[in-house]
Chemist: 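Okay, handing you the structure first.
What you are looking at is a predicted structure, and each value in this text was computed from that prediction instead of being measured. Because only heavy atoms are used, hydrogens play no part in the values below, and waters and symmetry mates are left out as well, while side chains stay in.
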Amino acid sequence: MRAIRVDEFGGPSVLRPVELPTPEPGPGEVLVGIEVAGVLFLDTLIRRGAAPAFGTTPPYVPGRGAAGRVLAVGPGVAPSWVGRRVLVDGPDTYAAEVAAPVPSLVPVPDGLDLADAMALLHDGGTALALVEAVGVRPGETVLVLPAAGGAGSVLVQLAHRAGARVIGAARGPKLGLVRSLGADLAVDYGEPGWADALRRRVGQIDVVVDGVGGTLGAEAFGLVAEGGRYSGYGNAGGTPVTRSAPGVEVRGVAQLADFADGRRARQERVLAEAAAGHLHPVVGREFALDKAADAHTALENREIAGKALLRP
């Protein structure tokens, strides 16, 4: 089968197309024919060797999620799985096929496109967890950054549906998308002094949900009202914001980040919401599997709004 392999840490060029044996599903596993695989910013960090906590060492097949159909089952697995459309919440998915344990499968509801389902596998569940963790309430002002990313685009929609006044922060070319998702205001965090300008315009903010970290995250943290809530879920722009980060004034702000429990239930809920037309996944770009290096380059250059996907 066709796959992508990383033989050494490095830049996007280490993502090499190769031919590998088709995996055999073992006990408790199924073989899934992958129709679309997700690309995470985390994949780029692992590829560079910048995420040692995940324990990945070359050689390896990248990827942490895919969507497709079950082609075969291993010992102990019900034959009724064959033919079902599923998401695979697991590794080695930059490939045409993957052997996956049954507990890692998330059935895709009828009527939901596999690409849309894949766009929600990680980011949709994360967004739902974040909204629940911070407890968004009607009438509150919520700042989301980056609002045009995979999780951010869902966060904007969920906060809007919860009755909040939503401010979406992104870079200039993506602001139109942010508004179309339901943001009441879209701001460009690439502009110098964006946080001060936003403070003058809207005052302090009840809730900040931050997937950037670094300097931008610290600036966003500084906008939280006294006694407000902040939740960080990524650090694409640098180190995560903490109470001890330079320039961060705590002011009694609750920092919420622990939402590990209930992952599978949230994934199923988000897929059901999308199937019912209540959520609209944003697929920014699709790449052929052999162009995985281009996908990583575009992601690292912040060129993609929404989700980047691979097609084997």
Chemist: Let me check something: do Val98 and Val61 share a hydrophobic cluster, defined by ILVMFWY side-chain heavy atoms less than 4.5 Å apart, either directly or through other members?
Modeler: no

Chemist: Does Leu112 reach the side chain of Leu271, with side-chain heavy atoms less than 4.5 Å apart?
Modeler: yes

Chemist: Taking the side chain as every heavy atom from C-beta outward, state whether Leu289 and Ile4 have any atom pair closer than 4.5 Å.
Modeler: yes

Chemist: Please check if any side-chain donor atom of Tyr233 sits under 3.5 Å from a side-chain acceptor atom of Asp210, or the reverse.
Modeler: no

Chemist: Enumerate donor-acceptor pairs with a distance under 3.5 Å from any side-chain N or O in residues 69-78 to protein atoms, sequence neighbours excluded.
Modeler:
residue : atom : partner : partner atom : Å
Arg69   : NH1  : Gly83   : O            : 3.3

Chemist: Looking at every heavy atom in both Ala148 and Ala170, which two are closest together, and how far apart are they?
Modeler: CB-CB, 4.2 Å

Chemist: Identify the heavy atoms of Ala159 and Val142 that sit nearest to each other, and give their distance.
Modeler: CB-CG1, 4.4 Å

Chemist: Given side chains that start at C-beta, do those of Leu120 and Val154 come closer than 4.5 Å, heavy atoms only?
Modeler: yes

Chemist: How far apart are the C-alpha atoms of Val39 and Leu309, what are their side-chain angles, what is the distance that settles it, and do they pass the side-chain contact (heavy atoms from CB on, under 4.5 Å) test?
Modeler: CA-CA 6 Å; Val39 183; Leu309 301 176; 5.9 Å; no

Chemist: Measuring from atom OG1 of Thr56 to atom CG of Leu45, what distance do you get when rounded to the nearest 0.5 angstrom?
Modeler: 11.5 Å

Chemist: Using residues 182-196 as the side-chain source, report each donor-acceptor pair under 3.5 Å to any protein atom, sequence neighbours left out, with the distance given to one decimal.
Modeler:
residue : atom : partner : partner atom : Å
Asp184  : OD2  : Val166  : N            : 2.8
Asp188  : OD1  : Gly190  : N            : 2.7
Asp188  : OD2  : Gly172  : N            : 3.1
Trp194  : NE1  : Glu219  : OE1          : 2.7
Asp196  : OD1  : Arg199  : NH1          : 2.8

Chemist: For Asp110, I'd like to know if atom CG has over 12 heavy atoms of other residues, nucleotides or ligands within 6.0 Å.
Modeler: no

Chemist: Linking I/L/V/M/F/W/Y whenever any side-chain heavy atoms sit under 4.5 Å apart, do Val88 and Met1 land together?
Modeler: no

Chemist: Are there more than 12 heavy atoms of other residues, nucleotides or ligands under 6.0 Å from atom NE2 of His122?
Modeler: yes

Chemist: Measuring from atom OG1 of Thr141 to atom CG of Leu223, what distance do you get when rounded to the nearest 0.5 angstrom?
Modeler: 11.0 Å

Chemist: For residues Leu105 and Val270: do they belong to one hydrophobic cluster (side chain heavy atoms under 4.5 Å, members Ile, Leu, Val, Met, Phe, Trp, Tyr)?
Modeler: no

Chemist: Taking the side chain as every heavy atom from C-beta outward, state whether Val134 and Tyr230 have any atom pair closer than 4.5 Å.
Modeler: no

Chemist: For the atom pair CD (Glu300) and OG1 (Thr44), what is the distance rounded to the nearest 0.5 Å?
Modeler: 4.5 Å

Chemist: Applying salt bridge (Lys or Arg N to Asp or Glu O under 4.0 Å), which residue pairs with at least one partner in residues 141-168 are found, sequence neighbours left out?
Modeler: Arg161-Glu273

Chemist: Once side-chain hydrogen bond (donor to acceptor under 3.5 Å, both in side chains) is applied, do any residues pair with Arg84, and if so which ones, sequence neighbours excluded?
Modeler: none

Chemist: Quick one, Leu198 and Leu143 - any side-chain contact, counting heavy atoms below 4.5 Å?
Modeler: yes

Chemist: Asp113 side chain to Ala115 main-chain N or O, any donor-acceptor pair under 3.5 Å?
Modeler: yes

Chemist: Side chains of Val212 and Leu145: closer than 4.5 Å at any heavy-atom pair?
Modeler: yes

Chemist: Hydrophobic clusters here meaning ILVMFWY residues chained together by side-chain heavy-atom distances under 4.5 Å, can you tell me if Val178 and Val209 are in one?
Modeler: no

Chemist: I need the minimum non-hydrogen distance between Ala162 and Val136, along with the two atoms involved.
Modeler: CB-CG1, 3.9 Å

Chemist: Does the side chain of Leu310 come within less than 4.5 Å of Val36's, by heavy atoms?
Modeler: no

Chemist: Answer yes if Leu114 and Leu279 sit in the same cluster of Ile, Leu, Val, Met, Phe, Trp and Tyr residues linked by side chain heavy atoms under 4.5 Å apart, and no otherwise.
Modeler: yes

Chemist: Is the backbone N or O of Leu177 less than 3.5 Å from a side-chain atom of Ser180, with the two atoms forming a donor-acceptor pair by type?
Modeler: yes

Chemist: Between Thr93 and Arg64, is there a donor-acceptor pair closer than 3.5 Å when you use the side chain of the first and the backbone of the second?
Modeler: yes

Chemist: At what distance, to the nearest 0.5 angstrom, does NE2 of His280 lie from OG of Ser153?
Modeler: 11.5 Å

Chemist: Can any side-chain N or O of Thr297 pair as donor or acceptor with the backbone N or O of Ala293 at less than 3.5 Å?
Modeler: yes

Chemist: Taking only residues two or more places apart in sequence or in another chain, which ones pass salt bridge (charged side-chain N to carboxylate O under 4.0 Å, His left out) with Asp89?
Modeler: Arg263

Chemist: Below 4.5 Å, heavy atoms only, C-beta onward: do Val106 and Val86 meet side chain to side chain?
Modeler: no

Chemist: In sequence, state the C-alpha distance, the side-chain angles, and the governing distance for Arg229 and Asp206, and then conclude on salt bridge (charged side-chain N to carboxylate O under 4.0 Å, His left out).
Modeler: CA-CA 6 Å; Arg229 287 101 69 205; Asp206 300 298; 5.6 Å; no

Chemist: Go through it in stages, so that I can follow the logic: the residues are Leu40 and Lys307, the test is side-chain contact (heavy atoms from CB on, under 4.5 Å), and I'd like the CA-CA distance, side-chain angles, deciding distance and then a yes or no.
Modeler: CA-CA 8 Å; Leu40 298 172; Lys307 194 69 178 176; 3.0 Å; yes

Chemist: Between Val156 and Ala147, what is the shortest heavy-atom contact and its length?
Modeler: CG2-CB, 3.8 Å

Chemist: Can you measure from CG (Leu121) to CG (Asp116) and round to the nearest 0.5 angstrom?
Modeler: 13.0 Å

Chemist: Can you check whether Arg302's main-chain N or O pairs, donor with acceptor, with Arg171's side chain at less than 3.5 Å?
Modeler: no

Chemist: Does the pair Arg85 and Glu35 meet the rule for a side-chain contact (heavy atoms from CB on, under 4.5 Å), with working shown?
Modeler: CA-CA 10 Å; Arg85 302 190 317 144; Glu35 295 187 24; over 6 Å; no

Chemist: Pairs under 3.5 angstrom only: tabulate donor-acceptor contacts from the side chains of residues 5-27 to other protein residues two or more places apart or in another chain.
Modeler:
residue : atom : partner : partner atom : Å
Arg5    : NE   : Asp7    : OD1          : 2.9
Asp7    : OD2  : Arg16   : NH1          : 2.6
Glu19   : OE2  : Arg2    : NH1          : 3.3
Thr22   : OG1  : Glu97   : OE1          : 3.2

Chemist: Between Tyr94 and Asp43, does any side-chain donor sit less than 3.5 Å from a side-chain acceptor?
Modeler: yes

Chemist: Let me confirm one number: the CG-CE distance from Asp123 to Met118, rounded to the nearest 0.5 Å.
Modeler: 8.0 Å

Chemist: What are the two closest non-hydrogen atoms of Ala95 and Pro312, and how far apart are they?
Modeler: O-CG, 3.4 Å

Chemist: Would you check, one step at a time, whether the test side-chain contact (heavy atoms from CB on, under 4.5 Å) holds for Ile304 with Phe287?
Modeler: CA-CA 12 Å; Ile304 298 175; Phe287 299 81; 4.0 Å; yes

